[in-house]
Amino acid sequence: MPRYDLITKSGFAAQAWRRYDSYAFAATDAVAPLVVTELSKCCMSLPIAFIQQNDMFVPHAVQGLEPGRNLFVVNGKWVAPYTPAAYRGYPFALAQGEDDQLHLCIDMDSGLVGAGEGFDQPFFDDAGEAAKPVKDVLNFLQQIHRNRAVTQRVCAALAAEDLFQPWPLKVQGPDGERRVDGLFRIDEARLNTLDPDALHRVQKAGGLPVAYCQLLSMGNIQTLGLIARKLEEVKNRMPEMTDQIDVDGILQRHKSSEPEQTLAPVQDDDVVNIAADTGDFDLSAFVNPKQND
């Protein structure tokens with residue numbers, strides 16, 4: 001678990017921080033929360049689902065097909081075109097104090113806080129004020145916090161019209177088929193048959209863009225299967241190269257070889273195949289050679 005400390009002058013004036021250069025901190029996140037303002041970009045490359053938390057539905061990026069594994073993080077590198085906002089403020093976070101004010105904290109176990117060489121970002125400037133990069137991070141995290149409240153209101157409006165349904169996602173592997181439970185999607189059929197008053201309520205709440213972004217994103221679930229298959233191929237056929245696989249290259253090849261997409265529904269589109277391909281595929285073309293020391 002991260003260990004967050006409140007950033008104060010007395011505690012951090014003599015320390016500094018550095019920006020992360022690896023997404024290893026996100027490698028075990030099978031899902032990541034999203035806010036409405038990022039859905040239009042996220043839906044172009046990441047699958048989006050809703051997860052029920054108490055009586056609320058919250059949009060999340062689906063990043064893995066099993067607990068504890070983020071397929072979009074390979075050897076510390078983020079391999080998808082879009083990175084959820086939840087990660088872009090790391091190692092900082094907001095904490096709500098007893099005064100209901102939001103306070104900036106930092107993960108002390110991140111390895112990104114210290115003194116001396118390599119820690120090039122001071123927390124405070126010479127005048128004792130928060131340094132500009134720290135202010136920028138605080139502003140960014142505050143924006144996300146405000147957007148979470150908006151996201152809750154929009155999702156509540158969608159729930160009020162009974163527009164969420166379970167996503168019957170299945171994973172087909174070498175040992176058979178298993179279900180992925182806990183994910184919800186927009187009920188497209190119900191959305192298309194809402195009466196004018198209900199449709200107006202959803203539209204007024206800003207729910208239509210959210211609904212369409214989620215529906216559009218679902219095709220991206222197959223990208224997770226592609227990554228899983230290729231990583232398994234490397235593990236089985238070229239185990240010594242596992243830490244050098246170029247997932248970007250694989251995704252680009254896959255994208256360029258896809259046929260023209262049609263509006264016709266794809267049979268078994270909710271089944272993700274993760275069993276490694278058995279046909280010929282020159283994996284060596286997607287392995288980055290190690291640099292000489």
Side-chain angles (χ1 to χ4, degrees), residues 30-65 72 80-86 143-172 177 179-226 255 258-273:
V31 295
L34 301 168
V35 293
V36 291
T37 52
E38 62 181 323
L39 296 185
S40 60
K41 292 182 178 179
C42 181
C43 73
M44 303 305 292
S45 55
L46 305 182
I48 299 170
F50 297 94
I51 295 178
Q52 190 169 13
Q53 298 176 344
N54 298 322
D55 59 345
M56 297 185 298
F57 289 89
V58 180
H60 283 72
V62 182
Q63 303 169 161
L65 299 167
F72 290 122
Y82 182 80
T83 306
Q143 289 182 42
I144 295 176
H145 179 78
R146 288 192 293 269
N147 271 282
R148 285 202 183 103
V150 176
T151 304
Q152 290 175 3
R153 291 196 295 270
V154 173
C155 290
L158 293 170
E161 307 301 337
D162 197 23
L163 286 172
F164 294 115
Q165 65 175 187
W167 186 353
L169 191 61
K170 297 178 181 178
V171 176
Q172 181 67 51
E177 192 173 85
R179 297 188 312 174
V180 177
D181 295 321
L183 302 181
F184 290 79
R185 64 183 179 185
I186 293 295
D187 186 339
E188 186 174 10
R190 178 168 174 76
L191 177 64
N192 290 335
T193 57
L194 287 179
D195 63 61
D197 289 341
L199 185 62
H200 177 70
R201 289 193 294 270
V202 172
Q203 182 181 28
K204 185 177 180 181
L208 288 181
V210 173
Y212 290 129
C213 282
Q214 192 280 318
L215 291 169
L216 179 64
S217 79
M218 289 195 298
N220 296 323
I221 199 71
Q222 300 301 331
T223 301
L224 292 175
L226 175 71
K255 183 177 180 181
E258 281 185 324
E260 287 289 330
Q261 298 296 306
T262 67
L263 295 178
V266 180
Q267 187 175 10
D268 292 333
D269 196 37
D270 292 332
V271 177
V272 183
N273 178 25

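Closest heavy-atom contact between Leu46 and Ser217: O-CB, 3.4 Å. When all heavy atoms are compared, the tightest approach of Gly206 to Val154 is O-CG1, 3.7 Å. The two residues Ala80 and Phe72 make their nearest non-hydrogen contact at CB-CD2, 3.6 Å.
Residues Ile51 and Leu183 have side chains in contact (heavy-atom distance under 4.5 Å, counting atoms from C-beta outward). In this structure the side chain of Gln222 never reaches within 4.5 angstrom of the side chain of Asn273, judged on heavy atoms. By the 4.5 Å heavy-atom criterion applied to side chains, Val180 and Val62 are not counted as neighbours. Val210 is not listed as a side-chain neighbour of Pro59, based on a closest heavy-atom distance of 4.5 Å or more. Residues Arg185 and Pro168 form a side-chain contact, since some pair of their non-hydrogen atoms from C-beta on lies under 4.5 Å apart. Residues Thr151 and Val36 meet the side-chain proximity criterion, which asks for heavy atoms closer than 4.5 Å.
Rounding to the nearest 0.5 angstrom, the gap separating the CD atom in Glu38 from the OG1 atom in Thr83 is 10.0 Å. One finds the CG atom of Leu191 at 12.0 Å from the CG atom of Asp162 (value rounded to the nearest 0.5 Å). Rounding to the nearest 0.5 Å gives a distance of 9.5 Å between CD of Gln214 and CG of Leu39. Rounding to the nearest 0.5 angstrom, the gap separating the CG atom in Asn220 from the CE atom in Met44 is 8.0 Å. Rounded to the nearest 0.5 angstrom, Ile186 CD1 and Met218 CE are separated by 9.0 Å. To the nearest 0.5 angstrom, Phe50 atom CZ is 9.5 Å from Leu34 atom CG.
Listed by chain and residue number, nothing satisfies the side-chain hydrogen bond (donor to acceptor under 3.5 Å, both in side chains) test with Tyr212 (two or more places apart in sequence, or in another chain). Every residue two or more places apart in sequence or in another chain that forms a ring pair (Phe, Tyr, Trp, His ring centres under 6.0 Å) with Phe184 is listed here: Phe57.
With Arg190 contributing its side chain and Glu161 its backbone, the two residues share a donor-acceptor pair below 3.5 Å.
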Under the side-chain contact (heavy atoms from CB on, under 4.5 Å) criterion, do Leu208 and Leu199 qualify, and how do the steps go?
CA-CA 9 Å; Leu208 288 181; Leu199 185 62; 4.0 Å; yes
Begin from the C-alpha positions of Val150 and Val35 and carry the test side-chain contact (heavy atoms from CB on, under 4.5 Å) through to its verdict.
CA-CA 8 Å; Val150 176; Val35 293; over 6 Å; no
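Residue pairs meeting the salt bridge (charged side-chain N to carboxylate O under 4.0 Å, His left out) criterion with at least one member in residues 202-225: none, sequence neighbours excluded.
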